[in-house]
Amino acid sequence: MTWIAELLYSNMEFSTLASKLFILQMCFIFPPALGITNKNIPLVVITWDYLQASQKAWQTIYHEKRSSLDTIEESCSLCESLQCRTTVGFGGSPDERGETTLDAVIMDGITMDVGGVGLLRNVKNAMSVARKVLENTGHSLLAGELAGEFAVQMGFKNESLETNSSQEMWQKWKNNNCQPNFWKNVVPDPSKSCGPYAPKSRKNYSEKKTNLPVWNEQNHDTIGVLAIDLKGHIAAGTSTNGAKYKIPGRVGDSPIAGAGAYADQDVGAAAGTGAGDIMMRFLPSFLAVEEMRRGATPKEAATTAVRRIAKHYPEFAGAVIAIDKNGTFGAACNGLPDGFPHYVVNLELGEPTLFRETCIKPCKIGGDCF
Ligand code: ASP
C-alpha cells in the first residue's frame with residue numbers, strides 16, 4: 001500500500017490529478033491492489049436448494065467476471081429451462097384452465113430500474129423478458145397477454161408452456177372436484193365442487209376456512225437471486241410459475257418490486273418466496289432492505305419481515321433472504337417444518353454452499369411474535 005501512498009503524495013510528474021484519480025479508481029475496482037480483499041464479495045445468495053442455478057451464478061459472477069444483472073439472468077434462465085422442481089419455468093403450476101403462466105422481476109440497485117413480467121403467457125424466458133422490460137422500456141411491469149406480445153417483439157419465441165405432466169396434474173385436480181382452490185364466499189361451495197362460481201350475498205360471507213392449497217417446501221419454490229458482483233454492484237431478481245391451480249389472471253408477489261425482490265446500492269438487497277398472495281401484502285423485500293438501512297443485520301432484517309407477516313397470518317409458509325452491501329447475508333422463514341434451504345457462495349466459501357435456516361417460532365394472531 002505504501003507505493004500507492006508515495007505515488008499519490010509525490011511531486012513527481014506522474015502525480016498529476018488524472019493519474020491520482022486513476023490509481024484511486026483502480027484500487028476501488030480491484031481492492032486486491034491495495035492488499036484489501038473482502039472475502040464476502042462477489043456474493044450470490046439463492047433461495048431453496050437450486051444447486052445448478054447456484055453453480056451457474058458463481059461461474060458468471062466470479063469466473064466470467066460478469067455483472068450482477070447477468071448473474072441473475074443466467075441463473076434464473078437456467079432454472080427456467082431445467083424447470084427447477086416444476087415450480088420455475090414452463091410445464092408447472094397449471095392454473096384452473098390448465099395453463100402455465102410465468103412471473104419474474106429483476107432490479108438494479110444502482111439505477112433503481114426494475115423490469116417485471118407478470119402472468120406471462122406462451123413465452124418460456126420470463127427472466128430474460130423481465131430484463132428487456134428493465135433495459136428497453138421506461139416501464140417497471142408488463143403483464144398478461146400483451147406482455148407476451150412484447151416478448152415476441154423483443155425476439156422471444158411464442159410457444160405453449162404446457163407439458164404432459166402439467167396437463168396430468170391439472171386433469172387430476174379437475175377429477176378431484178377442483179380441490180384445492182383459491183375461492184371463498186362463492187356458490188357452489190368451492191370446498192366441494194368446481195366452478196363456474198358466483199359470489200354469495202355478502203350477508204352470508206363466512207370466515208370459515210376454505211380449501212386453499214397447502215404451501216410447503218415441495219410445491220412452492222420461486223428462485224430468488226441476490227448478487228454483488230466484483231465491482232460491488234448489487235442487484236436482485238426472481239422467477240417462478242406461481243401458485244398451483246391459481247385463478248386465471250392471478251399475478252403473484254414475485255414480479256412486484258419490494259414484494260418479490262428489492263435492491264438498493266446504498267444498503268443491500270432482499271427477496272421472498274412462499275405464499276405470495278399473503279406475502280405481497282407486506283412488501284417483505286422492501287421492508288428487509290429498510291430494516292438494514294436502519295442498522296439491522298440481514299438476518300435480523302429478514303426476520304422482521306417474516307414476523308410482520310406471521311403476526312397476521314401465523315400459518316403462512318415462506319421465507320426471505322437478505323444481503324447487505326458488505327456481503328453479509330441472512331435468511332428467515334415461517335411455516336416450513338424442515339427449515340429453509342438456500343445456497344450461498346462468495347470468495348470465502350469458494351463454491352455454492354447449502355445453508356438451512358430454522359424457522360421462527362409460531363406467532364399468535366395479532367399478538368406477540370417472537
Ligand atoms: N411466491 C410465489 C407465488 O406466490 C410462489 C413461491 O415462492 O413458491 O407466486
Side-chain angles (χ1 to χ4, degrees), residues 45-50 53 75-76 79-80 83-96 99-106 116-121 126-127 130 141 143-144 147 161 166 169 180-182 212-226 236-262 270-288 302 305-306 309-310 313 315-321 331-336 338-343 357 359:
V45 180
I46 298 193
T47 54
W48 307 106
D49 56 353
Y50 295 136
S75 52
C76 289
C79 234
E80 287 164 3
Q83 303 173 273
C84 284
R85 286 216 203 169
T86 71
T87 57
V88 181
F90 67 101
S93 306
D95 67 14
E96 288 196 332
E99 182 178 352
T100 296
T101 58
L102 306 178
D103 291 345
V105 77
I106 184 162
V117 274
L119 187 56
L120 179 68
R121 305 179 73 187
M127 174 49 75
L141 177 63
L161 304 190
S166 70
M169 208 188 291
N181 61 59
F182 286 92
L212 287 171
V214 176
W215 297 79
N216 57 44
E217 189 182 333
Q218 271 65 50
N219 69 7
H220 72 95
D221 292 349
T222 297
I223 179 169
V225 184
L226 310 177
T238 65
S239 179
T240 184
N241 53 29
K244 269 193 195 106
Y245 319 125
K246 56 195 167 191
I247 298 173
R250 185 247 193 200
V251 174
D253 58 326
S254 304
I256 314 286
Y262 200 73
T273 174
D277 299 292
I278 290 170
M279 292 178 76
M280 71 196 295
R281 299 169 191 171
F282 299 87
L283 296 176
S285 300
F286 179 73
L287 178 56
V306 165
I309 306 168
Y313 298 93
E315 280 157 21
F316 99 95
V320 172
I321 51 174
C333 61
N334 187 71
L336 301 168
D338 299 326
F340 169 58
H342 52 288
Y343 267 106
E357 184 68 33
C359 290

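Predicted model only: the values in this text are computed from it and were never measured. Each ligand, and each atom within it, is numbered from 1 in the order the structure gives.
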Within the structure, does Asp277 bring an N/O atom to less than 3.5 angstrom of an N/O atom in ligand 1? no
Rounded distance [0.5 Å steps], CD in Glu96 versus CG in Asn181: 6.0 Å
Rounded to the nearest 0.5 Å, the CG atom of Asn334 sits from the CZ atom of Phe316 at a distance of 4.5 Å
Could you tell me, atom by atom, which parts of ligand 1 come under 4.0 Å of a heavy atom of Gly274? 1 (N), 2 (C), 3 (C), 4 (O), 5 (C), 6 (C), 7 (O)
What part of Asp221 sits under 4.0 Å from ligand 1 if we count only heavy atoms: the side chain, the backbone, both or neither? backbone
Distance in Å, Ser75 OG paired with Met127 CE, rounded so as to fall on 0.5 Å steps: 7.5 Å
Examine Thr273 against ligand 1 and note whether any of their N/O atoms are separated by less than 3.5 Å. yes
So CD1 of Ile46 and OG1 of Thr273: to nearest 0.5 Å the spacing works out to 12.5 Å
Worked check of salt bridge (Lys or Arg N to Asp or Glu O under 4.0 Å) between Asp49 and Arg85: CA-CA 10 Å; Asp49 56 353; Arg85 286 216 203 169; 2.7 Å; yes
Is there at least one pair of N or O atoms, one from Gly276 and one from ligand 1, spaced under 3.5 Å apart? yes
Check whether any heavy atom of Thr87 sits under 4.0 Å from an atom of ligand 1. no
In this structure, does ligand 1 have an atom that sits under 4.0 Å from one of the heavy atoms of Arg250? yes
Taking only residues two or more places apart in sequence, or in another chain, which ones meet Ser285 in a side chain to side chain donor-acceptor pair (under 3.5 Å)? none
Measure from the ring center of Tyr343 to the ring center of Trp48 and say whether it is less than 6.0 Å. no
Per-atom contacts of ligand 1 with Thr222, taking only distances under 4.0 Å to non-hydrogen atoms: 1 (N), 2 (C), 5 (C), 6 (C), 7 (O), 8 (O)
Close-contact set for ligand 1 against Asp253 heavy atoms, below 4.0 Å: 1 (N), 2 (C), 3 (C), 4 (O), 9 (O)
Using a strict 4.0 Å cut-off to heavy atoms of Gly242, name the atoms of ligand 1 that fall inside it. 9 (O)
State the CG-CG distance between Asp277 and Asp253, to the nearest 0.5 angstrom. 7.5 Å
Would you mind listing which atoms of ligand 1 come within a distance below 4.0 Å of any non-hydrogen atom of Ser254? 1 (N), 2 (C)
